[in-house]
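So the structure is just underneath, and the comments pick up after that.
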Amino acid sequence: MKLYSTNNHKNIVELKQAVMQSLADDKGLYMPIALPKMDATFFNNLENYSFSEIAYEVSKHLFGDYIPAVKLRSICEEAINFKAPVVQLTEDISTLELFHGPSLAFKDFGARYMAQLMAYFNENETGKLTILVATSGDTGGAVAAGFLNTPGIEVIILYPSGRVSDLQEKQLTTLGHNIHAVEIEGSFDDCQAIVKEAFLDKDLNQKFNLSSANSINIARLIPQSFYYFEAMKQLPKDKNHVFCVPSGNFGNLTAGLLAKRMGLPIHKFIAATNMNHVFPDYLKSGIYNPKKSVATISNAMDVGSPSNFTRIQALFENDHKAVKDEIVGYYYDDESTKAGLKALYDLTGYIADPHGAIGYLAAKEYLISNNDNKHVTFLETAHPSKFIDTVQPIINKEIKIPERLANLKNLEKYSVIMSTRFLDFKEFMMSRD
């Protein structure tokens, strides 16, 4: 498998370099040179494949013989070993539950697959691999769980102070061992900017073998495409299927676009955001204008400069009309999110998290004018208990916290508090062994 940089299509690398390097040296993001369609017989027989078998078939289609079949199957079986069920809520709306993994968030798919892939690429290396990751909430917990005690790999997680939920924070600050948390006194965009600058800093790259576990890394996007195939396996075949994706950094939506390019019969995508609505604004105007992010109750989407916008542009060859034809955008403020969460619960008894509530609102809005044989599936990206202080008062019902999350509640938090200045982070890193 060969990949190119979005900043220079002649900058071509093999899969291992793209995964281990994360960001191209010209600051571009890696994208597959080709996304050939999978055989029609695969799609016609999806129901005969287990989830891990789907992951293997898609991976094999992309990688070819780059990774031995036995090893690739093992990677998929180790990483994709939990379910992603579709739950039908109304006649026209379903949800795809992506919170059944170790950290109770959709990031588990990408983090676990990436951990397995990186461990395979790193097994014959003598040096230590240092993974830098910025998180707006769920990425950090998933990466921490996915890479915990992985030999030869340490993880440093940057997160915005006071902008993640208490349980999200515990997931990334209490594990210890090879997992280290840095609490940045700023926004997710500040965390992301520090990580990107670190990859371009000569001193840090001379001292450390750096990689990223954010969705700038193609190894995060590939496994996120798997659950679109798994969802289609469970959905009725006689409908035009629309996927509604609560979106922040747009890795999740980009992964769906990859699945569609490989032949998955997805009719359209909905990009559903909170008040950080840079992408819906772009769809409307054709102008991309990144802004400083604002804090909301759907904090994992508090992103004002989504990294994967450049990948979406690459897929559509910078054609705004083509993007607009395939993706619809809606956004909602916190009050609307709360109202949507309660309306969904009152109507169906289903408890969503704030991100899922935004997905539900966008699904409803889309169907008002697009209900001709359409079925919308919105992605439920995190377990509602991770946002218990927000969700519980809205629905006036006690939410049970899963044991693996509840066990973290009384653990001691360990983090290093830091400013948004890159030089402070560089000094911290250079002082490490």
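Count residues from 1 along the sequence.
Counting only heavy atoms from C-beta outward, the side chains of N299 and F188 never approach each other to under 4.5 Å. Residues V303 and D189 meet the side-chain proximity criterion, which asks for heavy atoms closer than 4.5 Å. In this structure the side chain of F250 reaches within 4.5 angstrom of the side chain of T273, judged on heavy atoms. Counting heavy atoms from C-beta outward, D333 and H277 have side chains that stay 4.5 Å or more apart. Here the side chains of I179 and L172 are not in contact, with every heavy-atom distance at 4.5 Å or above. Two residues are said to be in side-chain contact when any heavy atoms from C-beta on lie closer than 4.5 Å; H267 and N370 fail this criterion. Between I218 and P32 there is a side-chain heavy-atom pair separated by less than 4.5 Å. Residues S415 and Y159 are in side-chain contact: their nearest non-hydrogen atoms beyond the backbone lie under 4.5 Å apart.
In this structure, CG in L379 is found 5.0 Å from CG in L98, a value given to the nearest 0.5 Å. Here the straight-line distance linking atom CG of L204 with atom CG of L132 works out to 8.0 Å at 0.5 Å rounding. From K16, atom NZ reaches atom OH of Y66 across 7.0 Å, with rounding to the nearest 0.5 Å. With rounding to the nearest 0.5 Å, the separation of CE in M418 from SG in C191 is 10.5 Å. One distance of note links CG of N289 with CG of D281; it measures 8.0 Å at 0.5 Å rounding.
When only modelled atom types and interatomic distance are considered, D372 and N240 share no side-chain donor-acceptor pair under 3.5 Å. S94 and H375 share a donor-acceptor pair across their side chains, judged by distance under 3.5 Å alone. Side-chain contact check for D302 and N274: at least one donor-acceptor pair (N or O, by modelled atom type) lies under 3.5 Å. Using a 3.5 Å distance cut-off with no hydrogens or angles, the side chains of N44 and T41 do not pair a donor with an acceptor. Between the side chains of E154 and T130, a donor-acceptor pair is found at a separation under 3.5 Å. Inspection of the Y227 and N252 side chains reveals an N or O donor paired with an N or O acceptor under 3.5 Å. Between the side chains of D334 and T337, no donor-acceptor pair of N or O atoms lies under 3.5 Å. There is a side-chain donor-acceptor pair under 3.5 Å between N11 and D26. In summary, the side chains of S22 and S211 do present a donor paired with an acceptor at a separation below 3.5 Å, with no hydrogens or angles considered. Side-chain contact, Q313 with Y288: no donor N or O sits under 3.5 Å from an acceptor N or O. Defined by atom type and a distance below 3.5 Å, a donor-acceptor pair is present between the side-chain atoms of S103 and D108. Using modelled atom types, one finds a donor on one side chain and an acceptor on the other under 3.5 Å when comparing S161 with E183. The closest side-chain donor-acceptor pair between N308 and R311 falls under 3.5 angstrom.
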**OP:** Start with the C-alpha gap between F226 and Y113, add the side-chain angles, then the distance that decides, and say whether ring pair (Phe, Tyr, Trp, His ring centres under 6.0 Å) holds.
**Re:** CA-CA 11 Å; F226 301 159; Y113 187 88; 5.3 Å; yes

**OP:** Please lay out, stage by stage, how M118 and I131 fare under the test side chain to side chain contact (heavy atoms under 4.5 Å, CB included).
**Re:** CA-CA 10 Å; M118 284 184 165; I131 294 176; 3.5 Å; yes

Subject >> Audit row: F243, M232, side chain to side chain contact (heavy atoms under 4.5 Å, CB included) steps and yes/no >> reply: CA-CA 10 Å; F243 280 91; M232 199 66 81; 3.9 Å; yes

Subject >> Verdict with supporting geometry, Y360 and L347, side chain to side chain contact (heavy atoms under 4.5 Å, CB included) >> reply: CA-CA 12 Å; Y360 171 67; L347 178 66; 3.6 Å; yes

Subject >> From CA spacing to verdict: salt bridge (charged side-chain N to carboxylate O under 4.0 Å, His left out), E14, K2 >> reply: CA-CA 5 Å; E14 298 282 351; K2 294 186 182 297; 2.6 Å; yes

Subject >> Audit row: I194, L158, side chain to side chain contact (heavy atoms under 4.5 Å, CB included) steps and yes/no >> reply: CA-CA 9 Å; I194 291 172; L158 290 74; 3.6 Å; yes

**OP:** Please step through salt bridge (charged side-chain N to carboxylate O under 4.0 Å, His left out) for the pair E230 and K233, ending with a clear verdict.
**Re:** CA-CA 5 Å; E230 174 67 13; K233 179 180 83 175; 3.0 Å; yes

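Using modelled atom types, one side-chain atom of K268 and one backbone atom of D325 make a donor-acceptor pair closer than 3.5 Å.
Both the sub-6.0 Å distance and the 45° axial angle are not jointly satisfied by R73 relative to the ring of F63.
Scanning all heavy atoms of the two residues, the minimum distance from L167 to S385 falls at CD1-O, 3.5 Å. Shortest non-hydrogen contact noted between S212 and M114 is O-SD, 3.8 Å. Residues S225 and A255 share a closest heavy-atom pair of CB-O, 3.5 Å. Scanning all heavy atoms of the two residues, the minimum distance from L210 to L129 falls at C-CD1, 4.4 Å. Closest non-hydrogen pair, A213 versus F147, comes out as CB-CE1, 4.5 Å. In plain terms, the two heavy atoms of T173 and E169 that are nearest each other are OG1-O, 2.8 Å.
Contacts of D201 classified as side chain to side chain donor-acceptor pair (under 3.5 Å), with partners at least two apart in sequence or in another chain: K426. K196 meets the side chain to side chain donor-acceptor pair (under 3.5 Å) test with S307; sequence neighbours excluded.
Counting non-hydrogen atoms of neighbouring residues, nucleotides and ligands closer than 6.0 angstrom, the CG atom of D65 reaches no more than 12 such neighbours. In the displayed structure, K239 atom NZ is contacted under 6.0 Å by more than 12 heavy atoms of other residues, nucleotides or ligands. Environment of NZ in K342: sparse, with no more than 12 heavy atoms of neighbouring residues, nucleotides or ligands closer than 6.0 Å.
Aromatic ring centres of F279 and Y282: separated by under 6.0 Å. Taking the six-membered ring for Trp and the full ring otherwise, the centers of F229 and Y49 sit at least 6.0 Å from each other.
A salt bridge is defined here as a Lys NZ or Arg NE, NH1 or NH2 lying under 4.0 Å from an Asp or Glu carboxylate O, and E335 with K338 meets this definition. Classification of D203 and K207 as a salt-bridged pair fails, no side-chain N sitting under 4.0 Å from a carboxylate O.
Here the options are F99, F387, Y332, F378, the test is ring pair (Phe, Tyr, Trp, His ring centres under 6.0 Å), and the partner is H355; only F387 passes.
Using cut-offs of 30° and 60° for the angle between ring planes, the F109 and F51 rings count as tilted.
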Would you list the atom pairs, donor with acceptor, under 3.5 Å between side chains in residues 75-84 and any protein atom, with sequence neighbours excluded?
unit_1	atom_1	unit_2	atom_2	d
N81	OD1	R112	NH2	3.1
N81	ND2	E78	O	3.4

